Amino acid sequence: MNCPLCLNTNIKHYHHDKWRDYWQCLHCLLVFVQAQDQLNSQDEKSIYDLHENSADDLGYQKFLNKLLVPLIKKLQVNATGLDFGSGPGPTISVMMQKQGFTVNNYDIFYANKPSVLNQKYDFVTCTEVIEHLYNPNQEIKLLYKILNTHGLLGIMTKRVLNQEKFKTWHYKNDLTHVCFYSDATFEFIAQNWGFELEIINSDSVILQKL
């Protein structure tokens with residue numbers, strides 16, 4: 001068994017519930033589920049189709065602003081960005097465009113336009129997405145590649161606190177969530193790929209490409 005983030009084989013069993021088993025990499029501390037416990041793409045999309053996130057939803061805007069407000073403060077005027085995993089909305093591109101930024105959308109289900117992944121960006125947003133990625137090693141390599149030097153990668157995801165709290169953590173009960181990150185995991189990502197990490201709040205981190 002390999003860790004889907006760092007590819008290390010030093011893995012231990014972390015937790016079991018009525019749906020699946022969870023494992024932890026002892027190198028990067030990612031908690032994850034194995035391929036056999038991941039949904040197929042059709043079942044995964046059927047769950048996403050039930051999401052009703054809208055750019056007009058003030059509550060959802062407030063949630064996203066936990067990342068977007070500190071991110072915007074770091075951006076230059078006319079910065080260009082990509083919303084990676086934009087969902088059926090989209091929402092972030094609409095909000096950012098109102099602030100004067102140009103943003104492309106990419107989503108494997110709803111905006112599958114590979115050409116936008118061949119461009120370079122000043123920032124990339126990845127909100128409530130990274131926990132869904134089956135191969136985060138590949139995706140983080142991609143996001144690093146498409147960022148300009150000193151570009152910003154803004155990520156929103158709930159973070160693992162400890163093994164005891166994980167047992168009753170609602171976040172793991174969403175079967176589309178397959179990878180779970182802690183502060184230490186983000187510190188590994190920063191060191192391994194060449195980012196400077198800033199932990200913004202309990203949901204958000206910003207990684208700046210060095």
Side-chain angles (χ1 to χ4, degrees), residues 3-7 25 28-32 53 63-87 89-97 99-108 110-111 113-160 177-210:
C3 170
L5 176 62
C6 72
L7 309 182
C25 174
C28 69
L29 300 184
L30 182 78
V31 177
F32 63 95
N53 300 327
F63 171 70
L64 294 177
N65 275 330
K66 294 170 71 175
L67 171 65
L68 297 186
V69 169
L71 180 66
I72 287 170
K73 291 179 180 178
K74 297 176 178 292
L75 296 175
Q76 300 293 321
V77 176
N78 298 322
T80 60
L82 173 73
D83 185 19
F84 184 80
S86 53
T91 301
I92 284 181
S93 59
V94 175
M95 294 174 66
M96 293 296 281
Q97 284 163 3
Q99 299 296 319
F101 303 104
T102 301
V103 180
N104 286 333
N105 293 305
Y106 177 79
D107 190 287
I108 194 169
Y110 302 105
K113 300 175 289 184
S115 61
V116 303
L117 302 178
N118 295 322
Q119 302 177 35
K120 289 277 194 174
Y121 299 97
D122 301 311
F123 67 94
V124 174
T125 56
C126 190
T127 61
E128 292 294 311
V129 171
I130 198 169
E131 66 275 8
H132 300 274
L133 301 179
Y134 292 175
N135 298 294
N137 180 280
Q138 296 178 21
E139 276 87 359
I140 292 174
K141 282 181 180 177
L142 169 66
L143 298 180
Y144 182 86
K145 179 181 178 181
I146 65 177
L147 277 170
N148 290 322
T149 302
H150 306 308
L152 300 172
L153 172 58
I155 296 175
M156 290 191 77
T157 189
K158 299 290 185 185
R159 296 200 290 278
V160 176
H177 292 177
V178 296
C179 288
F180 307 91
Y181 302 74
S182 63
D183 288 353
T185 309
F186 281 115
E187 289 168 3
F188 168 83
I189 290 171
Q191 294 169 5
N192 189 67
W193 271 276
F195 288 104
E196 182 178 344
L197 171 67
E198 182 178 358
I199 295 175
I200 304 298
N201 51 49
S202 62
D203 298 285
S204 310
V205 303
I206 294 176
L207 294 152
Q208 183 168 33
K209 182 176 179 178
L210 300 176

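Please read all numbers here as calculations on a predicted model, not as lab measurements.
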Are any non-hydrogen side-chain atoms of [X] and [Y] less than 4.5 angstrom apart?
X    : Y    : answer
L153 : I206 : no
I140 : W193 : yes
I72  : F101 : yes
M96  : L75  : yes
L67  : L64  : no
C6   : F188 : yes
M95  : N65  : yes

Partner residues of [X] under the side chain to side chain contact (heavy atoms under 4.5 Å, CB included) criterion, sequence neighbours left out:
X    : result
A190 : F195, L197, L207
V116 : L82, N104, Y106, K113, Q119, Y121
E198 : K74, I200
Q191 : none

Tell me which pairs pass salt bridge (Lys or Arg N to Asp or Glu O under 4.0 Å) where either residue lies in [range], with sequence neighbours left out.
range            : result
residues 201-210 : K66-D203, K158-D203
residues 119-138 : none
residues 141-153 : none

Legend entry - Nearest-0.5 Å distance that lies between atom CD1 in I92 and atom CG in L71: 9.0 Å
Legend entry - Approximate separation, where rounding is to 0.5 Å, of L210 CG and T149 OG1: 9.5 Å
Closest non-hydrogen atom pair, [X] against [Y]:
X    : Y    : result
P4   : L30  : CG-CD2, 3.7 Å
V103 : Q97  : O-NE2, 3.3 Å
C25  : F32  : N-CE2, 4.1 Å
L133 : C179 : O-SG, 3.6 Å

Inset, instruction - Without swapping roles, check the side chain of E196 against the backbone of Q208 for a donor-acceptor pair under 3.5 Å. - result: no
Legend entry - Modelled atom types, side-chain donor and acceptor of D83 and S93, under 3.5 Å: no
Inset, instruction - Begin with the C-alpha distance, continue with both residues' side-chain angles, and end with the deciding distance and a verdict on side chain to side chain contact (heavy atoms under 4.5 Å, CB included) for F84 and L142. - result: CA-CA 11 Å; F84 184 80; L142 169 66; 4.2 Å; yes
Inset, instruction - Not counting sequence neighbours, which residues clear ring pair (Phe, Tyr, Trp, His ring centres under 6.0 Å) with Y181? List them please. - result: F186
Legend entry - F180: partners by ring pair (Phe, Tyr, Trp, His ring centres under 6.0 Å), with sequence neighbours left out: F166, W169
Inset, instruction - Evaluate whether atom CG of L7 has more than 12 neighbouring non-hydrogen atoms of other residues, nucleotides or ligands under 6.0 angstrom away. - result: yes
Apply side chain to side chain donor-acceptor pair (under 3.5 Å) to [X] and list each qualifying residue two or more places apart in sequence or on a separate chain.
X    : value
N201 : S204
N192 : none
D107 : none

Legend entry - Residue that, paired with P136, satisfies side-chain contact (heavy atoms from CB on, under 4.5 Å) out of V178, I189, L5, T185: L5
